[in-house]
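Heads up: the structure comes next, in structure tokens.
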Amino acid sequence: MPGRRSSKALKDFQTAESEDAPVTTSSATGIKALIGVFGDTNADLFISARALSIPELLSIVFSFSAEPELAISARVCKTWSDPALDELWVDLDTVFPLLELVLDLEPLRDEETDRAFLEEVSRALTGANWPRFHFYAQRVRSLRLGDLDYYYKDHAPLELRELIHLDIKLSQPSEARITEIFCALRNRTPKLKTFRLEIPYRNTFSEAALVSWLEKMETLEEIELPPYYLMPRILTVMKTFPRLRIIDQTPNPWYIPKDAGILEPLPENSFPSLVQLTLPATPAATQRFLFNSSTNFTSLTSLKLHTPDDIETNQLLSFTQQIASRGHSLTHQNIGKALSMQAPQ
């Protein structure tokens with residue numbers, strides 16, 4: 001699959017509905033016009049048209065194409081249009097390409113744009129052409145949301161019902177911002193498989209919105225969170241997810257693992273499909289958490305542990321011995337110390 005589709009790259013290639021580039025009905029017409037390498041006979045053209053009318057084959061071919069080529073292919077014929085557009089919009093590094101379908105957002109590319117202007121544009125989106133927005137939004141499978149994307153949470157109806165991968169990265173997190181983002185996404189990502197949340201430092205924001213959103217996310221297979229979100233309330237919500245295979249931790253050099261309130265005993269049959277787990281905790285807390293019940297973590301094969309930097313060697317040795325004797329399914333262990341650093345103010 002090609003790299004992420006940037007907002008700038010998509011701006012000129014976002015639609016197959018251009019008046020000066022009409023979509024034809026015949027794939028044979030498109031092949032004859034664009035490729036012209038299959039021979040002059042009708043038989044050759046017919047065979048080529050049949051082969052390049054197979055959606056699965058087109059998807060493979062288009063997966064190797066760049067944005068301009070996909071935009072041209074989407075205008076060739078109706079047979080090619082949907083597969084080409086699906087590949088063109090499959091992977092976005094920002095919500096801007098979608099918003100540019102309904103509003104001119106060129107000024108927002110300037111990093112110096114002030115908050116007042118952003119909020120003014122956000123209000124202007126209220127009366128936008130959302131059917132056109134949804135025509136393309138339904139094709140997005142991977143999306144990354146950042147600080148600027150936040151301002152459209154109230155007015156851009158992000159019905160990303162086919163979304164599979166979601167990555168949220170905020171450089172200036174706040175309780176209100178996190179809460180509003182997850183409230184906006186609630187019930188709008190029913191097929192999500194992979195979720196990643198990254199913020200640069202610890203903040204005292206509420207877990208309620210994230211918990212409420214996760215309660216509807218039983219389709220998740222992989223999740224990556226800041227270490228201070230790997231807490232009992234979050235873990236309890238995910239404990240019965242039938243497809244959850246990986247719980248990982250986003251990098252955060254300022255978080256120092258503590259035992260207090262981090263890991264509590266889980267009910268039986270928790271995390272039945274989990275194969276990889278990353279925890280920010282001491283060996284003693286991890287041991288109690290993992291081995292509270294023999295019915296928990298039955299599929300776990302890989303464990304990554306981020307311990308405080310003052311943990312003594314004998315504690316680590318004792319932990320590895322317990323893992324060897326009780327964690328029969330574990331084949332990979334990675335134990336590292338979290339170095340103390342001063343968090344940004």
Side-chain angles (χ1 to χ4, degrees), residues 4 91-96 98 140-154 156 158 160-239 241 243-258 261-263 271 274 276-281 304-306 338 341 343-344:
R4 292 184 180 275
D91 193 2
L92 300 182
D93 62 358
T94 173
V95 76
F96 275 35
L98 289 171
V140 179
R141 299 295 183 269
S142 178
L143 176 64
R144 181 169 182 168
L145 295 177
D147 290 303
L148 289 179
D149 299 306
Y150 158 77
Y151 290 97
Y152 311 105
K153 65 191 184 308
D154 296 326
L158 292 178
L160 302 169
R161 307 197 69 82
E162 301 298 324
L163 194 68
I164 295 176
H165 309 287
L166 177 61
D167 187 336
I168 300 177
K169 182 177 182 180
L170 300 176
S171 61
Q172 300 174 341
S174 67
E175 180 176 352
R177 179 169 295 188
I178 292 292
T179 299
E180 290 168 350
I181 285 176
F182 285 110
C183 286
L185 289 172
R186 191 175 301 161
N187 299 321
R188 292 177 173 176
T189 54
K191 297 184 180 180
L192 199 67
K193 294 182 179 181
T194 303
F195 173 62
R196 185 177 188 272
L197 176 65
E198 182 177 350
I199 56 177
Y201 56 88
R202 188 174 187 180
N203 206 317
T204 56
F205 48 73
S206 172
E207 297 176 0
L210 176 57
V211 169
S212 179
W213 178 73
L214 281 174
E215 287 173 346
K216 306 291 186 180
M217 291 290 101
E218 292 191 355
T219 57
L220 279 177
E221 297 178 6
E222 301 181 22
I223 187 166
E224 187 173 351
L225 298 173
Y228 32 88
Y229 266 153
L230 295 174
M231 298 291 182
R233 191 176 183 186
I234 302 294
L235 293 172
T236 299
V237 170
M238 301 187 296
K239 68 181 185 300
F241 284 6
R243 304 176 187 174
L244 187 62
R245 301 177 65 255
I246 296 175
I247 298 178
D248 209 346
Q249 172 185 319
T250 52
N252 192 292
W254 300 287
Y255 180 75
I256 305 301
K258 302 178 179 65
I262 294 181
L263 303 178
F271 297 105
L274 199 69
Q276 178 179 317
L277 175 64
T278 301
L279 288 174
K304 298 179 182 179
L305 185 63
H306 298 274
M341 297 180 67

How close do [X] and [Y] get, counting heavy atoms only, and between which atoms?
| X | Y | answer |
| --- | --- | --- |
| Pro226 | Ile199 | CG-CG1, 3.9 Å |
| Asn187 | Lys216 | OD1-CG, 3.8 Å |
| Gln249 | Glu224 | O-OE2, 3.7 Å |
| Phe241 | Met217 | CE2-O, 3.2 Å |
| Val211 | Val237 | CG1-CG2, 3.6 Å |
| Pro190 | Leu160 | CD-O, 4.4 Å |

Quiz item: Is it true that the side chains of Thr194 and His165 contain a donor and an acceptor less than 3.5 Å apart?
Solution: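 Indeed, the side chains of Thr194 and His165 share at least one donor-acceptor pair under 3.5 Å.
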Would you please name every residue forming a side-chain hydrogen bond (donor to acceptor under 3.5 Å, both in side chains) with [X], sequence neighbours left out?
| X | result |
| --- | --- |
| Thr236 | none |
| Lys169 | none |
| Arg186 | Ser212 |

Answer yes or no: is there a side-chain heavy-atom contact under 4.5 Å between [X] and [Y]?
| X | Y | value |
| --- | --- | --- |
| Ile223 | Leu214 | yes |
| Leu185 | Leu192 | no |
| Arg196 | Glu222 | no |
| Ile164 | Arg141 | yes |
| Ile247 | Phe271 | yes |
| Leu235 | Lys239 | no |

What's the spacing between [X] [atom1] and [Y] [atom2] if we round to 0.5 Å?
| X | Y | atom1 | atom2 | result |
| --- | --- | --- | --- | --- |
| Leu143 | Asp93 | CG | CG | 9.0 Å |
| Arg243 | Leu220 | CZ | CG | 10.0 Å |
| Asp248 | Thr278 | CG | OG1 | 3.5 Å |
| Leu279 | Lys304 | CG | NZ | 12.0 Å |
| Leu92 | Arg144 | CG | CZ | 13.0 Å |
| Leu166 | Leu163 | CG | CG | 5.5 Å |

Quiz item: Is the Phe182 ring parallel, tilted or perpendicular to the Trp213 ring (thresholds 30°, 60°)?
Solution: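 Taking Trp213 first and then Phe182, their aromatic rings sit tilted (interplane angle of 30° to 60°).
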